[in-house]
Amino acid sequence: MRKVTYGAACSLDGYIARPGGEVDWLRWSDDVQRLTSAYWTAVDTVLMGRKTYDAARAGGSGAYPGAANYVFSRTLADDPEPDVRLVRDDPAQFVRALKGREGGEICVMGGGELAQTLFDADLIDEVGVNVHPVLLGSGVPLFRPLARQLDLELLRWEPLSHDCLYALYRVRR
């Protein structure tokens, strides 16, 4: 069965963006580039909610090259670009079927709404976070309220440049 990972960069108080969606506080580094490059070698599928996709497109990187890109939305009219497939189906059903197919790892990008649905359906296997040393006070949360407690097991952690910290957890079942 394919592995599904939810990950994002977040502030120490658990936000992935300011209230207006800005991520000007993120600190990019060679460490992050190294981690990101290593991770993407195993990923062949990217899942995004519409808001995350809109933010990625505004930043100039809607579709991830070399990966199957799926955007979950009930409001978009058509596939938003040639390399992106629009999914209107129930996300849990769709991802459950996707996990059962042959392929590489599956990445759930950004936004907590899609992740919440997949956590509640017990479909996310790992959580990776790049914690930045900033307290935003408010914004877009990394996690939305879940239907139940999820216990995690630390797989690895690594200090990064700019006082950031990367941690990877496995969902305990």
Side-chain angles (χ1 to χ4, degrees), residues 1-18 21 23-49 51-52 55-56 61 64 66-70 72 91-92 94-173:
M1 184 142 308
R2 298 165 74 183
K3 180 170 44 176
V4 176
T5 301
Y6 172 56
C10 67
S11 63
L12 185 58
D13 54 351
Y15 296 102
I16 59 174
R18 294 187 190 279
V23 292
D24 56 313
W25 50 273
L26 290 176
R27 300 170 183 191
W28 188 257
S29 68
D30 290 341
D31 294 339
V32 173
Q33 177 63 44
R34 176 182 46 77
L35 282 171
T36 302
S37 295
Y39 172 70
W40 283 104
T41 62
V43 172
D44 72 355
T45 304
V46 177
L47 310 176
M48 292 177 267
K51 292 176 194 171
T52 299
S61 65
Y64 287 81
N69 293 266
Y70 297 96
F72 293 82
F94 183 85
V95 174
R96 191 170 286 110
L98 201 57
K99 280 185 79 162
R101 294 184 202 151
E102 290 293 318
E105 294 184 20
I106 300 168
C107 174
V108 179
M109 291 295 295
E113 291 179 43
L114 176 59
Q116 174 191 18
T117 299
L118 301 179
F119 275 121
D120 286 344
D122 197 27
L123 292 167
I124 293 182
D125 303 298
E126 291 183 352
V127 178
V129 291
N130 177 357
V131 182
H132 289 248
V134 60
L135 300 173
L136 295 178
S138 65
V140 178
L142 175 63
F143 299 105
R144 304 286 177 161
L146 299 175
R148 68 189 190 301
Q149 174 179 315
L150 294 176
D151 294 320
L152 307 174
E153 172 188 358
L154 181 65
L155 296 177
R156 66 183 259 232
W157 65 274
E158 180 179 342
L160 303 174
S161 301
H162 307 297
D163 299 320
C164 295
L165 176 70
Y166 176 73
L168 179 66
Y169 294 90
R170 177 182 305 135
V171 175
R172 288 185 187 211
R173 297 198 160 85

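The backbone N or O of L135 sits nowhere less than 3.5 Å from a side-chain atom of D13 that would complete a donor-acceptor pair. Using a distance-only test at 3.5 Å, with no hydrogens or angles considered, no donor-acceptor pair links the side chain of R144 to the main chain of Q116. Checked by atom type and distance alone, the side chain of D151 never pairs as donor or acceptor with a backbone atom of Q149 at under 3.5 Å.
A distance of 3.5 Å separates OG of S161 from CG of D31, quoted to the nearest 0.5 Å. Once rounded to the nearest 0.5 Å, the distance linking CG of L35 with CD of E158 reads 5.0 Å. For the atom pair OG1 (T36) and CZ (R34), the distance works out to 9.5 Å, reported to the nearest 0.5 Å. Distance SG/C10 to CG/L136: 9.5 Å, rounded to 0.5 Å.
No side-chain heavy atom of C107 sits under 4.5 Å from any side-chain heavy atom of E105.
Closest heavy-atom contact between G49 and L114: N-CD2, 3.8 Å. Pairing each heavy atom of H162 with each of S29, the nearest pair is CD2-CB, 3.8 Å. Between N69 and M48 the shortest heavy-atom distance is OD1-CE, 4.2 Å. The heavy-atom pair separating V46 from A67 by the smallest distance is CG2-CB, 4.0 Å. A8 and I16 get closest at one heavy-atom pair: CB-CG2, 3.9 Å. For the residue pair V23 and A17, the shortest heavy atom distance occurs at CG1-CB, 3.9 Å.
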Please evaluate residues R27 and L160 with respect to the criterion side chain to side chain contact (heavy atoms under 4.5 Å, CB included), reporting the C-alpha separation (whole Å), side-chain torsions for both, the decisive distance (0.1 Å), and the verdict. CA-CA 10 Å; R27 300 170 183 191; L160 303 174; over 6 Å; no
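Partners of Q33 under the side chain to side chain donor-acceptor pair (under 3.5 Å) rule, at least two apart in sequence or in another chain, are S37. Listed by chain and residue number, V4, L47, F72, K99, L118, L123 satisfy the side-chain contact (heavy atoms from CB on, under 4.5 Å) test with V95 (two or more places apart in sequence, or in another chain). Residues satisfying the side-chain contact (heavy atoms from CB on, under 4.5 Å) test with R2, not counting sequence neighbours, are D44, T45, L98, R101, I106. Shown here are the side chain to side chain donor-acceptor pair (under 3.5 Å) partners of D120, two or more places apart in sequence or in another chain: there are none.
Applying the ring-ring contact (aromatic ring centres under 6.0 Å, His included) test to pairs two or more places apart or on separate chains, those with a residue in residues 23-43 are W25-H132, W40-Y64.
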Can you give the donor-acceptor pairs under 3.5 Å from side chains of residues 165-173 to other protein atoms, not counting sequence neighbours?
| residue | atom | partner | partner atom | Å |
| --- | --- | --- | --- | --- |
| R170 | NH1 | E153 | OE1 | 3.2 |
| R173 | NE | D122 | OD1 | 2.9 |
| R173 | NE | D122 | OD2 | 3.3 |
| R173 | NH1 | D125 | OD1 | 3.0 |
| R173 | NH2 | D122 | O | 3.3 |
| R173 | NH2 | D122 | OD1 | 3.3 |
| R173 | NH2 | I124 | O | 2.7 |
| R173 | NH2 | D125 | OD1 | 3.4 |

